[in-house]
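A short worksheet on the structure shown next.
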Amino acid sequence: MRFVGKTAVVTGAASGIGKATCLRLASEGATVIAADIDAAGGAELAATSNGKIIFKQTDVCDVTAIKALMDFAAETTGGIDVVFNNAGAAGDRAPIDEIDPEGWDRTMNLLLRSVAMGIRYAVPHMKGRAGASIVNTASVASLGAGYSPSAYAVAKAGVLHLSKLAAADLARHDIRVNAICPGFIKTNIFASALEVPDEKRDQANVVIHEVAAHAQPVKGGGNPDDIASMVAYLASDEARFITGAHMVVDGGITIGPRHSWDENSPAMFDSLQNFIGSAQG
Ligand code: NAI
């Protein structure tokens, strides 16, 4: 019960990582202001929470709506202790030599400006609150190529750097800021990115989860709860000495090329060795 008497604002609350985090923070005593563009999903989440989760429909691409969300949280509960800037989607998937400027801007606004403005409009309500903490969802895509489309990865790299700079700026107010880099987490984001129609979502998720099961050293892929655990830790006083950090929660997907950890993977070095053997022999 690390959040009794505290208020947390969570964006992207209606599904996946955000939803799991709302439930976790509420189960540990927080009053959670849950924000999402998805009104039905948000209302459903709030309805099962005994009043601990309050839904406010919010489009994080709309800066006015972000300000309204933070003001609402403070007016309703007296202030803000924890913010989890998490809402997101794949953004424009075009390669860098084909992307149009509108798609680029849309992706940056959804994934990066939303986090900057989430911080901007939450902080006035966080000053003077003991143990105030901001957590932002970045991605393993922040760390290198090969995990996502370019615009997404660049925006998420921005979230990583923004978290460090905000940690520096906000130290004077005793507000900690950290980022989380999730790996392959089994949520709806992949089916949404691929524009799978609703009636085929379950089918698509079976395939996606099967891919997730073998995508990293830890078998089975990540669950939203794996990220919620890290959010709750970073948001709590247990993490009082952690700021400006990024926590990689990825089942080891970033430790190195697949053949280094998967004995069943075709190994580049094996094929090189075979080639050398045949060339010599
Ligand atoms: P999800 O699709 O299950 O949930 C995303 C939520 O964000 C949805 O409820 C959606 O309605 C909401 N959302 C989308 N656009 C919005 C907007 N303009 N305003 C308000 N809400 C909006 O996906 P997931 O995986 O839970 O995604 C959460 C965050 O985690 C995202 O920022 C994503 O980029 C990030 N992430 C996810 C990974 C994964 O493997 N699932 C890996 C790395 C990062």
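FYI, the numbering just counts along the sequence from 1. Since this is a predicted model, take the numbers as computed values, not measurements. Quick note: numbers below take in every heavy atom, side chains included, and nothing from hydrogens, waters or symmetry partners. Start at 1 and go down the list; that is how both ligands and their atoms are numbered.
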Checklist line | Common cluster, Ile17/Leu110, ILVMFWY with side-chain heavy-atom separation under 4.5 Å | finding: no

Note to self: Would you say Asn136 and Ser163 are linked by a side-chain donor-acceptor pair, where the criterion is simply a distance under 3.5 Å?
What the structure shows: yes

Next item on the list: State if Lys19 counts as touching ligand 1 under the rule of any non-hydrogen atom under 4.0 Å.
Entry: no

Check: Among protein heavy atoms, which sits nearest to atom 26 (O) of ligand 1, and what does the distance come to when rounded to 0.1 Å?
Finding: Ile17 N, 2.8 Å

Margin query: Is it the case that ligand 1 has an N or O less than 3.5 angstrom from some N or O of Ser139?
Written below: no

Check: Between Pro182 and ligand 1, does any nitrogen or oxygen pair lie at a separation below 3.5 Å?
Finding: no

Check: Any nitrogen or oxygen of Val60, main chain or side chain, under 3.5 Å from a nitrogen or oxygen of ligand 1?
Finding: yes

Note to self: Between Tyr147 and Tyr152, is the ring centroid distance below 6.0 Å?
What the structure shows: no

Notebook entry, point to check: Could a heavy atom of Ala141 be found less than 4.0 Å from some atom of ligand 1?
Noted result: no

Margin query: Can you report which non-hydrogen protein atom sits closest to atom 31 (C) of ligand 1, along with the distance?
Written below: Asn86 O, 3.2 Å

Note to self: Main chain of Leu160, side chain of Ser142: is a donor-acceptor contact present, judged purely on distance under 3.5 Å?
What the structure shows: no

Margin query: So if I count the atoms of ligand 1 from 1 in the order they appear, which ones are less than 4.0 Å from some heavy atom of Gly16?
Written below: 3 (O), 26 (O)

Checklist line | Exam field: side chain Asp262 to backbone His259, donor-acceptor pair closer than 3.5 Å | finding: no

Note to self: Just to check, does Ala13 reach to within less than 4.0 Å of ligand 1 when the distance is taken from its heavy atoms?
What the structure shows: no

Check: Which protein non-hydrogen atom lies closest to atom 20 (C) of ligand 1, naming both residue and atom, and how far is it?
Finding: Thr58 O, 3.1 Å

Notebook entry, point to check: Considering distance alone, does some N or O of Tyr152 sit under 3.5 Å from an N or O of ligand 1?
Noted result: yes

Check: For ligand 1, is there an N or O atom under 3.5 Å from any N or O atom of Phe190?
Finding: no

Next item on the list: Measure from the side-chain N and O atoms of Ser133 to the backbone N and O of Leu234, and report whether any donor-acceptor pair falls under 3.5 Å.
Entry: yes

Margin query: Give me the nearest non-hydrogen protein atom to atom 15 (N) of ligand 1 as residue plus atom name, then the distance to 0.1 Å.
Written below: Leu110 CD1, 3.7 Å

Notebook entry, point to check: Salt bridge check: are Asp237 and Arg2 linked by an N-O gap of less than 4.0 Å?
Noted result: no

Notebook entry, point to check: Counting heavy atoms only, which of Gly183, Ala14, Gly42, Ala34 is nearest atom 42 (C) of ligand 1?
Noted result: Gly183

Item checked: Residue pair Ala65 / Thr58: nearest heavy atoms and the distance that separates them -> O-CG2, 3.8 Å

Check: Backbone N or O of Ala141 within a donor-acceptor pair of the Ser148 side chain at under 3.5 Å?
Finding: no

Notebook entry, point to check: For ligand 1, which atoms sit closer than 4.0 Å to a heavy atom of Asn188?
Noted result: 2 (O), 3 (O)

Notebook entry, point to check: Quick check: does Asp36 get an N/O under 3.5 Å from an N/O on ligand 1?
Noted result: yes

Checklist line | Protein contact to atom 1 (P) of ligand 1 [nearest heavy atom, distance to 0.1 Å] | finding: Ser15 OG, 3.6 Å

Item checked: Minimum-distance protein heavy atom relative to atom 27 (O) of ligand 1 -> Ile189 CD1, 4.0 Å

Check: Going by distance only, is there an N or O of Ile185 that falls short of 3.5 Å from an N or O of ligand 1?
Finding: yes

Notebook entry, point to check: Numbering the atoms of ligand 1 from 1, which are under 4.0 Å from a heavy atom of Gly88?
Noted result: 5 (C), 7 (O), 14 (C), 31 (C), 32 (O)

Margin query: Between ligand 1 and Thr137, is the shortest N or O to N or O distance under 3.5 Å?
Written below: no

